[in-house]
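Values reported hereafter were calculated over all heavy atoms of this structure, with side chains retained and with hydrogens, waters and symmetry mates removed.
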Amino acid sequence: MNALGPIITITPMTENRIRDEADRYERMLLNVPMGRMAEIADLVGPTVFLASAASDFITGTILYVDGGMMAFA
């Protein structure tokens with residue numbers, strides 16, 4: 001079993017919270033090397049990869065889709 005570990009992803013459900021907490025959002029971005037939060041489209045490729053035969057020999061892994069945050073953890 002594998003899993004995705006996404007950063008906060010901008011969706012219709014999170015847009016209002018990000019707008020309401022803009023200062024918190026900007027502070028969070030300081031820890032994201034790519035300088036932005038994920039969008040739904042950023043999760044598509046990793047999801048397709050884990051669902052495809054290309055990942056057949058990968059198991060027990062969390063694929064972090066986090067703009068590089070784990071590189072500094």
Side-chain angles (χ1 to χ4, degrees):
M1 181 182 298
N2 298 304
L4 291 181
I7 192 172
I8 293 174
T9 304
I10 298 171
T11 68
M13 204 165 152
T14 62
E15 284 177 337
N16 288 337
R17 184 168 182 186
I18 290 169
R19 198 173 315 113
D20 293 343
E21 299 178 21
D23 58 326
R24 183 172 180 225
Y25 176 78
E26 293 300 322
R27 285 193 313 270
M28 287 173 51
L29 285 181
L30 295 174
N31 297 314
V32 183
M34 291 189 73
R36 65 177 181 85
M37 290 298 166
E39 298 175 5
I40 295 171
D42 295 317
L43 304 177
V44 174
T47 302
V48 170
F49 168 70
L50 289 178
S52 74
S55 69
D56 279 355
F57 203 65
I58 298 172
T59 188
T61 297
I62 299 172
L63 181 56
Y64 291 99
V65 185
D66 64 1
M69 281 183 69
M70 288 301 291
F72 297 104

Taking only distance into account, with no hydrogens and no angle test, what donor-acceptor pairs under 3.5 Å do side-chain atoms of residues 5-13 form with protein atoms, sequence neighbours excluded?
residue, atom, partner, partner atom, Å
T9, OG1, I7, O, 3.0
T11, OG1, M13, N, 3.1
T11, OG1, T14, N, 3.2
T11, OG1, T14, OG1, 3.4

I need the full list of salt bridge (charged side-chain N to carboxylate O under 4.0 Å, His left out) pairs touching residues 42-68, with sequence neighbours left out, sorted by first then second residue.
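Output for this query lists R36-D42.
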
| task | Please answer: with hydrophobic residues joined when any side-chain heavy atoms are less than 4.5 Å apart, are L43 and I58 in the same cluster? | result |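 Both belong to a single hydrophobic cluster.
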
(Q) Are M69 and I18 connected into the same hydrophobic cluster when the rule is that any two of I, L, V, M, F, W, Y join if their side-chain heavy atoms are below 4.5 Å apart? (A)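 Same cluster: I18 reaches M69 through Ile, Leu, Val, Met, Phe, Trp or Tyr contacts under 4.5 Å.
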
| query | Is there a donor-acceptor pair closer than 3.5 Å between any side-chain N or O of S55 and the backbone N or O of F49? | reply |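 Yes.
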
Margin query: Between N2 (side chain only) and L50 (backbone N and O only), is there a donor and an acceptor less than 3.5 Å apart?
Written below: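 No, because the side chain of N2 does not come within donor-acceptor range (under 3.5 Å) of the backbone of L50.
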
| request: Please name the pair of heavy atoms, one in G67 and one in P33, separated by the smallest distance, quoted to 0.1 Å. | output: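 Heavy atoms of G67 and P33 come nearest at O-CD, 3.3 Å.
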
Requested in this report: Report the C-alpha distance between M37 and Y25 in whole Å, list the side-chain angles of each, state the deciding distance to 0.1 Å, and finish with yes or no for side chain to side chain contact (heavy atoms under 4.5 Å, CB included).
Outcome: CA-CA 9 Å; M37 290 298 166; Y25 176 78; 3.1 Å; yes

- To the nearest 0.5 Å, tell me how far L29 CG sits from M34 CE.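 Answer for the CG-CE pair, L29 versus M34, is 12.0 Å.
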
Margin query: Nearest 0.5 angstrom please: M28 CE to E26 CD, how far?
Written below: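 Here the interatomic distance stands at 10.5 Å.
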
CD1 of I62: more than 12 outside heavy atoms within 6.0 angstrom?
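Atom CD1 in I62 is not crowded, with 12 or fewer foreign heavy atoms closer than 6.0 Å.
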
- request: Tell me, please, which residues at least two apart from E21 pass side chain to side chain donor-acceptor pair (under 3.5 Å).
  value: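 Expected list: R17, R24.
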
